[in-house]
Amino acid sequence: MTAAVAAGLPGRLGRVDLSRPVVLLLAAVLCLLIVLPVSWLVYFAFTDRDGLPTFANFAPLFSDPAYTEPMITTLVISVSVGLACAAVAAPMGWLVARTDVPFARTIRSLIMASFVTPPFLGAIAWEILAAPNSGMLNQWYRELTGAPPDQHLFNIYSLTGVIFVIACYTFPYVFVLVANALERIPGELEDASSILGGRAWHTARRITVPLALPALLAGCLVAFLQAMTLFGSPAILALPAGFHTMTTKIWSLFQYPPKPGLAAACSLPLLLLTVVLLRAQHMILGRRSYQVIGGKSGAPRVIRLGPWRWLALAVCLIVLLNPVFLPYLGLVKAAFTHVFSQPLTLKNLTLEHVDFVFFEFSSTRLALKNTFLLGILAATLGSGLALVIAYATARRVVAGYRVLDFFATAPVAIPAIVLGVGLFLAYTRPPFVLYGTLSILLIAFVTIQLPAAYQQLQSAFRAVNPELEEASRILGATRLQALRHITAPLLRSGVIAAWCFIFIGTIRELSAAIMLFTADTKVISVVIFDLNENGHLGPISVLGILMLVITFAVVTLANRLHGSGAWRGQRVTG
Amino acid sequence: MARVALRNLVKRYGDLAVVDRISLDIDHGQLVCLLGPSGCGKTTTLRLIAGFIEPTEGEIQVGERVVSSPARAIEPQLRNMSMIFQSYALWPHMTVMENVAYGLRLRKLDRDVIRDKVRAILNMTKLAEFEDRYPADLSGGQQQRVALARALVVEPETLLLDEPLSNLDANLREEMRFEVRRLHDQYRYTTVYVTHDQAEAMTAADRIVVMNKGRIEQTGTPEEIYRRPRSEFVARFIGGANILRGPSLDARHMRFSGVVLRCGDAEIALNGHAALSIRHHDIRLLGAPPSSAENVVPAKVARQVFLGGMRDYLVETHDGTQLRVVTSAEHSFAPGSAVWLHLPPESCRALVS
Ligand SMILES: Nc1ncnc2c1ncn2[C@@H]1O[C@H](COP(=O)(O)OP(=O)(O)O)[C@@H](O)[C@H]1O
Ligand SMILES: [Mg+2]
């Protein structure tokens, strides 16, 4: 009887044996991406020039004003940004999610636009708008009031300016969390309170606010973290104003003569604080942060604002002036005029910046090539890596899947600039000398983008019940056929979306790139940063608009693909 | 031909034996129900038969060939089986028609043959008008029928069903119980049907296998299982029963609440402790001691509920045991009144403890 089987039908040979090496390989790759740079970072922080253990690197952090002041500045900026974001995003989230404010979808799209605008580009746009002398807003102010040329209304090169600009591009994080939380509150809960005699305000205070508060708090933490770890905006706005934040300080420690030990010591607090705050955020949100939005609960009740809704719309639009309308206007004007601070006349119009960017300035084409190459490679490698890890963890195909999960999520807690420092330290010496190559940038980008892609694909896998594959197997499909007919089509939109988001994230990345580029491996963001140091705002605007157009195109594509698919419910279960 | 045999089947996850030495023969064309509480290993057993997982010990034989053993397992697609999943596992990116035709396409049948077969099965499951819909646009009952059609259209040797009705609402579930049985009578596939619902098992099964904690408690026809439960678990799980405990006297007698009880059929274990089961409505409730005192236990009414057609009593014997008794609605005994319980020996089943 057994012989009949042995005679030829394929058994399970090979399958189990293959998964183990694959997982080991993955684990090794993830180690190279994450463990190696972090280890070197720690090593450098705790050793002196001769490699002897020491705490001396940390001493200036507590005593030298050159370090304590940036730390305090960073704290002030981060706290202010967190509060400002909450103050703006919470009411807006409520308006969009729970009231009949007109054009809610458009408002959401505009907030998405500020979400995907590279923060450093926003900072430069605000230089165009609100630099004390040349800033467009200040020009208008002087024209309107006849104020003397040395007077200005706004000065973006200031602590307030830095806080304002960072908040402009950070509040979407808070908005998304709050709006989603408010949308998830089932209307029945609030109805229940109203039926029990609760007045509108009472219901809001006792039901709505407590349910949305964790999301708001978590959002504030995210905003705080963003502000703390951002490099571009403070580098562009704070350095001209003559002060440092932690990130710009770390960067300056790599200017000649480099002080890697100190830089590592400055990086560790950022790393630790990020880990702690992310833990806190996780605890506040619980498992909900991973939950796919939606579900069966009743639709949230829409509150009718009556005529007030037009006022609400006006408030939203005025808020959106700051991250979207004004900066984009500034960029467009700067891109196509000789002198952006002069009035818009026919004589002032020009294509010289376009010409300069694409034909005269040699760096741009190389940088464009590098950026696209890195974007495509990082997106492909990153989504591939994320796909395999997500498969291994979602289907628990191996015993060690928890380790993979940990490593794939861990980069979330490593600020990009810190990762940049770590990678610099790890790959400028044997056995892996990658500094000066595109590979080191590729490693940085893949690592930075991995967690988001991994989470997206993992939830995509979770939405595909394994029984869907099994149903195909039992009807006669081989393992590969089941993957091809069932799993692949169901995951396709998720994979494409992950690819797109890695691509966008990569082409706009500055914080890590600034630590790792060399003359041959510049990317657009670095070129923009360089041009800014030389005051070439026109060419920057051309590059910035190009970047925005590409970003919007890719986001639209991703959304279109993600939202389509002939079927409506991803999950068909009872 | 498709006789399915499980021999000493064991599946362990770590130290936990989720399926623990299960042996079972399923004759060709028989419908066997695996019945047991949630978590007792029914799905795991079914997945072992389907070949999605491999046994830790033992083997599974279909017809003449061994399809699963720890050393070797034939892949699911080569077993000529169909399965209906608890989640239905309909593919959301395919229409009803495509879902149903999938298995036939894999078999590389003629396009016309496929179309005819799909039409026929869709008509039979009353789905013809929905063939171009996507599963997400169907009701639960319709989804369930698509799953059924998809499994049946390939004419499998063996059909596996994992709680196929558990996601339906009560009315539909009752209706579908008979439908499942009707389809089985029509096609006569060897069928393993997993459920935790005894009414479902009673309606559908030729033979019921009661499972508990990974093991088989008892196997038999629905009637045997109901009339002659062999263990306390089966007695309680199927239909509900009172369990009486006391010292055993000999192979037919035990002492309970100061009275000697005679037990109609099976042997009472002679290890000192005996247990017997009696159904709630097999106990007769009397207002005065009867002339023949055999198997009569005095008790007191603790609670009485009038259920229209009958009365549901909770009574307490002198040793403090509480028993449920269901009687006709005619006689009413108020709570607190003294009653005599007559336990007919032929209704008392000795249990293997
Ligand atoms: N892959 C697995 N790993 C570990 N334990 C499992 C696995 N699959 C099932 N179990 C355990 O086996 C037990 C029986 O599961 P299952 O066969 O699904 O029960 P049933 O279908 O009877 O409700 C459960 O306690 C479950 O937790
Ligand atoms: Mg089950």
Side-chain angles (χ1 to χ4, degrees), chain A residues 1-17 294 296 395-397 399 460 462-494 561-562 564-574, chain B residues 47 50-52 54 59 61 63-69 71-95 98-99 102-108 134-138 140-141 143-144 146-147 150-151 153-154 156 158 160 162 166-168:
Chain A
M1 289 187 295
T2 333
V5 175
L9 289 165
R12 48 165 187 164
L13 298 177
R15 177 165 63 82
V16 175
D17 304 325
K296 280 183 184 162
R395 291 292 137 87
R396 305 182 172 186
V397 290
R462 290 213 176 120
V464 180
N465 190 331
E467 289 188 348
L468 292 177
E469 277 168 41
E470 289 172 352
S472 134
R473 296 293 305 283
I474 198 81
L475 285 174
T478 62
R479 192 171 287 271
L480 271 177
Q481 279 175 321
L483 275 176
R484 212 171 64 229
H485 298 152
I486 310 298
T487 320
L490 291 176
L491 285 179
R492 186 164 48 212
S493 60
L561 284 170
H562 211 44
S564 76
W567 65 98
R568 258 151 280 168
Q570 275 277 347
R571 266 188 116 123
V572 186
T573 48
Chain B
R47 290 166 52 81
F52 296 131
E54 291 104 29
E59 59 179 37
Q61 205 175 324
E64 288 302 301
R65 58 178 190 170
V66 175
V67 294
S68 287
S69 70
R72 221 185 159 87
I74 293 180
E75 300 220 35
Q77 72 268 24
L78 304 171
R79 296 187 173 208
N80 205 6
M81 295 178 175
S82 273
M83 180 156 172
I84 295 179
F85 296 84
Q86 195 168 4
S87 66
Y88 307 150
L90 299 180
W91 301 304
H93 59 304
M94 298 186 191
T95 61
E98 289 164 340
N99 263 282
Y102 182 82
L104 298 173
R105 295 211 171 116
L106 284 175
R107 284 165 176 70
K108 303 230 160 40
Y134 285 91
D137 300 335
L138 300 178
Q143 291 182 3
Q144 205 271 344
V146 177
R150 187 178 69 180
V153 77
V154 297
T158 315
L160 310 173
D162 190 0
S166 65
N167 287 325
L168 302 179

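Numbered from 1 within each chain, the chains take letters A, B, ... in sequence-line order. None of the values given here were measured: they were computed from a predicted structure.
Closest approach of Y102(B) to A477(A), counting heavy atoms only: OH-CB, 3.6 Å. The two residues L490(A) and H93(B) come nearest to each other via the heavy atoms CD2-ND1, 3.5 Å. Considering all non-hydrogen atoms of both residues, Q77(B) and G476(A) come closest at CB-C, 3.3 Å.
Heavy atoms of R47(B) lying under 4.5 Å from chain A belong exclusively to its side chain.
Atom CD of E467(A) and atom CD1 of I84(B) lie 12.0 Å apart (nearest 0.5 Å). The distance from the CD atom of E470(A) to the CZ atom of F52(B) is 4.5 Å, given to the nearest 0.5 Å.
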Should S82(B) and I474(A) be marked as a side chain to side chain contact (heavy atoms under 4.5 Å, CB included) after you check the CA-CA gap, both sets of side-chain angles, and the distance that decides it? CA-CA 6 Å; S82(B) 273; I474(A) 198 81; 5.6 Å; no
Stepwise side chain to side chain contact (heavy atoms under 4.5 Å, CB included) test for W91(B) and H485(A): CA-CA 10 Å; W91(B) 301 304; H485(A) 298 152; over 6 Å; no
Please step through side chain to side chain contact (heavy atoms under 4.5 Å, CB included) for the pair L475(A) and M83(B), ending with a clear verdict. CA-CA 8 Å; L475(A) 285 174; M83(B) 180 156 172; over 6 Å; no
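Residue with the most contacts toward chain A among L106(B), L168(B), V154(B), L160(B): L106(B) (heavy-atom pairs, distance under 4.5 Å).
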